[in-house]
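These notes are about the structure you will find just below.
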Amino acid sequence: LPARADVLVLTNGGRLEGRVTEAPGGWVLRTETGSVTFERAEVAEVIRARTALETILEARASLAPDDAAGRARLAARADAAGCTATAEELWKETLALDPDNAAARKALGFTLVDGRWLSADEAMAASGYVKVAGSWLSRAELEARLAALEADKAAAEVETARAEAE
């Protein structure tokens, strides 16, 4: 049997898609990213329908263990449907089966440099950038910052010497 999901129609007109279960005094909506509880008075209607995520998960379960192309197609569908966590899992599964899959590499942030797939950090380093305190700087920017720090340090030493002399 296919998995079922729901559309929760709120009294304020909002519509939320996910898996709905009944709870004491209300409803619990579960999505890919978590759960939210609503009081009965907040819910106008529960519509039973399948979500994109459930359709993708059902298709994933039917894939052959070595079907990299099928995983890549599902990952693209998951991305398009906004199911980012599931898409990322599927892209990673694709790479495990097909390490040179260009779509998976690009979706996971890799860049092709001189025939090699590099992570974003590796690509920045290969381009001559240096990571300092979480930010990427060109060598010229790094040298300018270091020079400014040295100048500040020298100025502070002069100020300290002047204060001690007084």
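Since we're looking at a predicted model, the values are computed, not measured. For reference, positions follow the sequence shown, starting with 1.
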Side-chain heavy atoms of Val46 within contact of Val7, under 4.5 Å
no

Smallest heavy-atom separation, Trp91 atom then Asp79 atom, equals NE1-OD2, 2.8 Å

Which residues satisfy the salt bridge (charged side-chain N to carboxylate O under 4.0 Å, His left out) test with Glu157, sequence neighbours excluded?
none

Hydrophobic cluster of Leu97, others only, ordered by chain and residue number, side-chain cut-off 4.5 Å:
none

In terms of hydrophobic clusters joined by side-chain contacts under 4.5 Å, are Leu146 and Leu137 together?
yes

Holding to salt bridge (charged side-chain N to carboxylate O under 4.0 Å, His left out), I want the full list of residues that pass it with Arg73, two or more places apart in sequence or in another chain.
none

I need the Ser119 OG to Leu108 CG distance, nearest 0.5 Å.
11.5 Å

Besides Leu63, the hydrophobic cluster formed by Ile, Leu, Val, Met, Phe, Trp and Tyr side chains linked at under 4.5 Å, directly or via other members, contains Ile56, Leu74, Leu90

Of all heavy-atom pairs linking Ala75 and Ala87, the shortest is O-CB, 3.7 Å

How close do Thr94 and Ala104 get, counting heavy atoms only, and between which atoms?
CG2-CB, 4.0 Å

Between Leu118 and Val130, is there a shared hydrophobic cluster once you connect ILVMFWY residues whose side-chain heavy atoms come closer than 4.5 Å?
no

For Glu150, check salt bridge (charged side-chain N to carboxylate O under 4.0 Å, His left out) against everything at least two apart and list the hits.
none

Under 3.5 Å, is there a donor-acceptor pair between the side chain of Ser62 and the main chain of Ala59?
yes

Please tell me whether Asp6 and Trp27 have a donor and an acceptor in their side chains that are separated by less than 3.5 angstrom.
no

Other members of the hydrophobic cluster containing Val28, with the 4.5 Å side-chain heavy-atom rule, please.
none

In chain order, what residues pass the salt bridge (charged side-chain N to carboxylate O under 4.0 Å, His left out) check against Arg162, with sequence neighbours excluded?
Glu159

For residues 83-96, which residue pairs pass the salt bridge (Lys or Arg N to Asp or Glu O under 4.0 Å) check, not counting sequence neighbours?
Arg60-Glu89, Arg60-Glu93, Arg71-Glu93, Glu88-Lys92

Partner residues of Thr31 under the side-chain hydrogen bond (donor to acceptor under 3.5 Å, both in side chains) criterion, sequence neighbours left out:
Thr33

Contact list for residues 25-40, test salt bridge (Lys or Arg N to Asp or Glu O under 4.0 Å), sequence neighbours left out
Glu22-Arg40

Who else is in Tyr129's hydrophobic cluster (ILVMFWY, side-chain heavy atoms under 4.5 Å, direct or via others)?
Met124, Trp136

State plainly whether one hydrophobic cluster holds both Val20 and Leu16, where clusters connect Ile, Leu, Val, Met, Phe, Trp and Tyr through side-chain heavy atoms under 4.5 angstrom apart.
yes

Can you pull the salt bridge (Lys or Arg N to Asp or Glu O under 4.0 Å) pairs that have at least one residue in residues 105-128, sequence neighbours excluded?
Asp121-Lys131

Is the backbone of Ser138 close enough, under 3.5 Å, to the side chain of Glu141 for a donor and an acceptor to pair up by distance?
yes

